[in-house]
Amino acid sequence: MSLKIRINRSAAPPEPCILTECMAIIAGAWAPNVIWHLRAGPRRFSELRLDIPPVSAKVLSQRLKELEARGVINRTIQPTTPPSVEYELTALGQELVPALSAIVEVGHKLKVDVNRLAAPS
């Protein structure tokens, strides 16, 4: 006997799906980490490399370009010798920080639950 398909009663997402647009920003490899490390203020490329050791320079550069193109971060060339570049969150980027913080909180709870279930009784 097959199960009856239930009707989905949740509201249909608006077109184009805004959830998909937002998830596309934070789903990119290392994008959440970049946003997380910029939440406290501007950082230079080399500082971000130190903040996120596993990321390659190539991938970090791609992510920074993507986040800048989407309006999440600003790139500012500093008038120093030699010139340096700083990245900082835009107002839109700052709005992502509470969402990432909530994901981190849930992640901690999930980790505790997994460890609790894995522990021998």
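Rounded to the nearest 0.5 Å, atoms CD1 (Ile103) and CG (Leu110) are 11.0 Å apart.
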Name every donor-acceptor pair, under 3.5 Å, that has one atom in a side chain of residues 51-58 and the other anywhere in the protein, sequence neighbours excluded.
residue	atom	partner	partner atom	Å
Asp51	OD1	Arg43	NH2	2.9
Asp51	OD2	Arg43	NE	3.0
Asp51	OD2	Arg43	NH2	3.1
Ser56	OG	Val59	N	3.2

Compile the donor-acceptor pairs under 3.5 Å between side chains in residues 16-42 and protein atoms, sequence neighbours left out, one pair per line.
residue	atom	partner	partner atom	Å
Arg39	NH1	Trp36	O	2.6

Using distance only, find each side-chain donor-acceptor pair of residues 69-85 under 3.5 Å and give its atom names and separation, not counting sequence neighbours.
residue	atom	partner	partner atom	Å
Gln78	NE2	Glu86	OE1	3.4
Thr80	OG1	Pro82	O	2.7
Thr80	OG1	Ser84	N	3.3

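Ala99 pairs by the side-chain contact (heavy atoms from CB on, under 4.5 Å) definition with nothing, not counting sequence neighbours. Checked against salt bridge (Lys or Arg N to Asp or Glu O under 4.0 Å), Glu66 has the following partners two or more places apart in sequence or in another chain: Arg63.
A donor-acceptor distance shorter than 3.5 angstrom exists from the side chain of Glu47 to the backbone of Arg44, with no hydrogens or angles considered.
The side-chain heavy atoms of Leu89 and Leu96, taken from C-beta on, include no pair separated by under 4.5 Å.
No continuous path of ILVMFWY side-chain contacts below 4.5 Å connects Leu92 to Val97, so the two sit in separate hydrophobic clusters.
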